[in-house]
Amino acid sequence: MSEFKPATSYTRIDAQGTPYLEGSRCEACGTVFVGLRENCGHCAQRGRMQPIRLGERGRLYSYSVVYRSYPGIKVPFISAIVDLEGGGTVKGNLLEIEPDPARLKFDMPVRMVFRDAQLASAEGAGHTAHFFVPDGEPPRE
């Protein structure tokens, strides 16, 4: 994947070519944010943020099944908000599961994967983006 460019300002690619999301953890209160920050938005501490590699697993916090979008965006798709293990909340599309609310369960385990951003938009070609897939047993109806 190292030939791809990151699709977001907080996507990094390590020395082995493995993409990951970068975040910041406040040394004072422990709150985790996506992306680099200088100040904590939770406790207002200044200059106490440390860069961290965000977790690759999490739980589905919320979602929307999107049926109408901009031209060039493949629909329907699941726009998900995921609480990551170790802290941080991030938005990304949920793949490899039918975009049917009967198949989706809040708090279901998910795993982050990185793929060509062209999966989401034709304009994403050449960029790597994060997505989520179910992690473990699919939810039962």
Side-chain angles (χ1 to χ4, degrees), residues 1-46 48-141:
M1 276 214 179
S2 59
E3 70 274 2
F4 289 96
K5 297 177 279 193
T8 70
S9 62
Y10 47 88
T11 302
R12 301 287 183 260
I13 300 174
D14 68 18
Q16 291 75 39
T18 305
Y20 66 95
L21 296 187
E22 184 174 48
S24 300
R25 180 186 318 275
C26 178
E27 290 178 328
C29 71
T31 301
V32 174
F33 298 94
V34 176
L36 294 179
R37 294 189 174 205
E38 292 182 23
N39 305 311
C40 182
H42 181 75
C43 72
Q45 289 290 312
R46 301 174 69 78
R48 304 217 29 214
M49 303 300 289
Q50 294 297 313
I52 61 166
R53 186 175 185 145
L54 295 175
E56 297 177 359
R57 288 186 156 69
R59 298 266 177 188
L60 182 63
Y61 176 78
S62 185
Y63 70 89
S64 292
V65 177
V66 179
Y67 295 96
R68 294 179 65 184
S69 190
Y70 294 103
I73 306 294
K74 300 169 189 165
V75 292
F77 67 89
I78 304 164
S79 178
I81 297 175
V82 173
D83 287 333
L84 297 174
E85 288 180 358
T89 300
V90 69
K91 181 179 177 290
N93 291 356
L94 180 59
L95 308 175
E96 298 180 11
I97 188 168
E98 189 177 337
D100 175 1
R103 302 281 301 140
L104 302 165
K105 303 293 182 222
F106 294 111
D107 205 41
M108 68 184 272
V110 296
R111 177 176 44 89
M112 190 182 309
V113 295
F114 288 84
R115 304 215 173 124
D116 189 333
Q118 193 169 5
L119 275 175
S121 169
E123 295 177 6
H127 289 80
T128 188
H130 67 278
F131 297 90
F132 294 98
V133 296
D135 192 24
E137 289 294 314
R140 299 186 191 266
E141 296 180 36

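All figures in this text were calculated on a predicted structure; none of them were measured in a lab.
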With the side chain counted from C-beta on, respond yes when [X] and [Y] share a heavy-atom pair under 4.5 Å apart, and no when they do not.
| X | Y | answer |
| --- | --- | --- |
| Ser9 | Leu36 | no |
| Ile13 | Thr18 | no |
| Val90 | His130 | yes |
| Arg12 | Leu21 | no |
| Cys40 | Phe33 | yes |
| Val65 | Tyr67 | yes |
| Leu54 | Val34 | yes |

With sequence neighbours left out, what residues match Asp83 under side-chain hydrogen bond (donor to acceptor under 3.5 Å, both in side chains)?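 Testing Asp83 for side-chain hydrogen bond (donor to acceptor under 3.5 Å, both in side chains), a comparison that skips the adjacent residues, returns Thr89.
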Taking side-chain hydrogen bond (donor to acceptor under 3.5 Å, both in side chains) as the test, write out the residues that go with Ser79, two or more places apart.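 Once residues adjacent in sequence are excluded, the partners of Ser79 under the side-chain hydrogen bond (donor to acceptor under 3.5 Å, both in side chains) criterion are Lys91.
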With Tyr20 via ring pair (Phe, Tyr, Trp, His ring centres under 6.0 Å) - residues at least two apart: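 Here no residue qualifies.
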Under the ring pair (Phe, Tyr, Trp, His ring centres under 6.0 Å) test, which residues partner Tyr70, sequence neighbours left out?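 Tyr70: no ring pair (Phe, Tyr, Trp, His ring centres under 6.0 Å) contacts found.
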Test of understanding: with salt bridge (charged side-chain N to carboxylate O under 4.0 Å, His left out), list the residues that count as partners of Glu96, not counting sequence neighbours.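 Salt bridge (charged side-chain N to carboxylate O under 4.0 Å, His left out) list for Glu96, sorted by chain: Arg115.
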Working to the nearest 0.5 angstrom, can you tell me the gap between Asp116 CG and His127 NE2? 10.0 Å
Enter the distance from Cys29:SG to Arg48:CZ here, rounded to the nearest 0.5 Å.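 That separation rounds to 9.0 Å.
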Just do the side chain to side chain contact (heavy atoms under 4.5 Å, CB included) check on Leu104 and Ile78 with the steps written out, would you? CA-CA 10 Å; Leu104 302 165; Ile78 304 164; 3.9 Å; yes
Pairs meeting criterion ring-ring contact (aromatic ring centres under 6.0 Å, His included) with involvement of residues 74-111, two or more places apart: Tyr63-Phe106
If you look at every heavy atom in Pro6 and Thr11, which pair is closest and at what distance?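 Closest approach of Pro6 to Thr11: CB-O, 3.5 Å.
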Return the minimal non-hydrogen interatomic distance between Ala80 and Leu60, and the atom names on each side.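 Reported closest heavy-atom pair: CB-CD1, 3.6 Å.
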Going by the side-chain hydrogen bond (donor to acceptor under 3.5 Å, both in side chains) test, which pairs reach into residues 23-42, not counting sequence neighbours?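 Residue pairs passing side-chain hydrogen bond (donor to acceptor under 3.5 Å, both in side chains), neighbours aside: Glu27-Gln50.
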How would you list all residue pairs meeting side-chain hydrogen bond (donor to acceptor under 3.5 Å, both in side chains) that involve residues 53-62, not counting sequence neighbours? Asp14-Arg53, Arg57-Asp135
